[in-house]
Amino acid sequence: MSGKSNMKFLYAGIAIALLLSVLAPFLASPNPDGLESAAGGVIEESKMSELEEMEPAVSSPMPDYSIEGMGKGGEVAAIAIGTFAVLAISFVFGKVFNKKA
Amino acid sequence: MHIPDSFIPLDQAVVYWAITIPFIFMSMKWAKNELDEMKIPILAALAAGVFAIQAMNIPIGMGTSGHMVGATLVAIVFASPWAGVLVLTLVLLVQGFAFGDGGITTMGANILNMGVVSGFVGYYTYAALRKSVGTSIAAFGGAWLGLFISAIVCSVQMWLAGTFPLVPGLIAMGTYHLIIGFIGEGLITAVVITSIAKFRPDLLEDSFNAGSDRYNTEVHA
């Protein structure tokens, strides 16, 4: 194992993640996920609409992986921003917890 | 499977946080003992990949979709379920705070289900099967079972929360996630692990985790 080949792995990972960021807004299924679908099937309608009306505890800057008024391009940007945020946090975390540090 | 704030009352959400925090703490301890300059790029690449693939919902029929979780994949690469807990914690933090995907109060439950339950069940199933059925099939089976069991745990939480009735909740969550687990989790995990075994076999061999072996020897000595 060399540091160089691990950097290659990193670049491949970033490339795949960015490719997914670009494709997901167009290819990802808009259908509800397993939990939402189950909720729609097993919760009474009146209670379901009550649950849906409740605001999240903290409002997020890019709800549902979108940027207001930017359509599909905004969705691509949102997922790409998230990908880089996760990368950056992982590196900062890695530096802090690096056993050789 | 990201539980929104409204699905679990606050007092119960706090209980899941209390259960989950020791696991997050242990995953940080794992990082402190295991991560070095060589492994950080691998961890970062997997975390970015897991985040992005979670945005790719795959249609599974019945008007439903699902996506990969990824804890088992990460755990297999690092030969430790704590790595899966760590990556899912980082990913769920970003998803919750930046994108409103999964609640903040319910993040403890989400980390518990997707990081801890799916990662531990997935990894140890893989470890148990690997010698008899080979790496690819073991990775598939582990990832599939890990996701399915986490969905079952999630439906029990939904029942305790008073959000889902028990049996219909179990049936619906179980059915959807058997399918999501087969395609979204099992197949993708098997393909990625098989590719890594082909192109970077050193990552899955003991050499990559030599540090952990040394650490274990020291602990047991």
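When reading the values below, keep in mind they use all heavy atoms of this one structure, side chains included, and skip hydrogens, waters and symmetry mates. Below, chains carry the letters A, B, ... as their sequence lines are ordered, and counting in each starts from 1.
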- Item | Approximate separation, where rounding is to 0.5 Å, of B:His2 NE2 and B:Gln54 CD |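 Here the rounded value is 4.5 Å.
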
- Item | CG on A:Asn31 to OG on B:Ser65, rounded to 0.5 Å |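 Answer for the OG-CG pair, B:Ser65 versus A:Asn31, is 5.5 Å.
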
What part of [X] gets closer than 4.5 Å to chain B, counting heavy atoms only: side chain, backbone, both or neither?
| X | answer |
| --- | --- |
| A:Ala39 | both |
| A:Lys47 | side chain |
| A:Ile79 | both |
| A:Leu51 | both |
| A:Leu23 | both |
| A:Tyr11 | neither |
| A:Ala88 | neither |

- Those residues of residues 159-172 of chain B that come under 4.5 Å of chain A on a heavy-atom basis, listed by number, are B:Gly162, B:Thr163, B:Phe164, B:Pro165, B:Pro168, B:Gly169, B:Ala172

- Task: Select all residues of residues 181-189 of chain B having any heavy atom within less than 4.5 Å of some heavy atom of chain A, and report them by number, or 'none'.
- Result: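 Not one residue of residues 181-189 of chain B has a heavy atom under 4.5 Å from chain A.
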
Does any backbone or side-chain atom of [X] lie under 4.5 Å from a heavy atom of chain A? Answer side chain, backbone, both or neither.
| X | answer |
| --- | --- |
| B:Ile60 | neither |
| B:Asp5 | side chain |
| B:Met158 | side chain |
| B:Ile180 | side chain |
| B:Tyr176 | side chain |

- Query: Do A:Phe84 and B:Phe51 have ring centres separated by under 6.0 Å?
  - Reply: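 When the ring centroids of A:Phe84 and B:Phe51 are compared, they turn out to be at least 6.0 Å apart.
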
- Are a donor atom and an acceptor atom from the side chains of B:Ser150 and B:Ser118 found within less than 3.5 Å of each other? no

- Message: Just by distance, no angles: are the side chains of B:Gln95 and B:Asn110 close enough, under 3.5 Å, to form a donor-acceptor pair?
- Response: no

- Message: With a 3.5 Å distance limit and no angle check, can you tell me whether A:Asp64 reaches the backbone of A:Ser66 through a side-chain donor-acceptor pair?
- Response: no

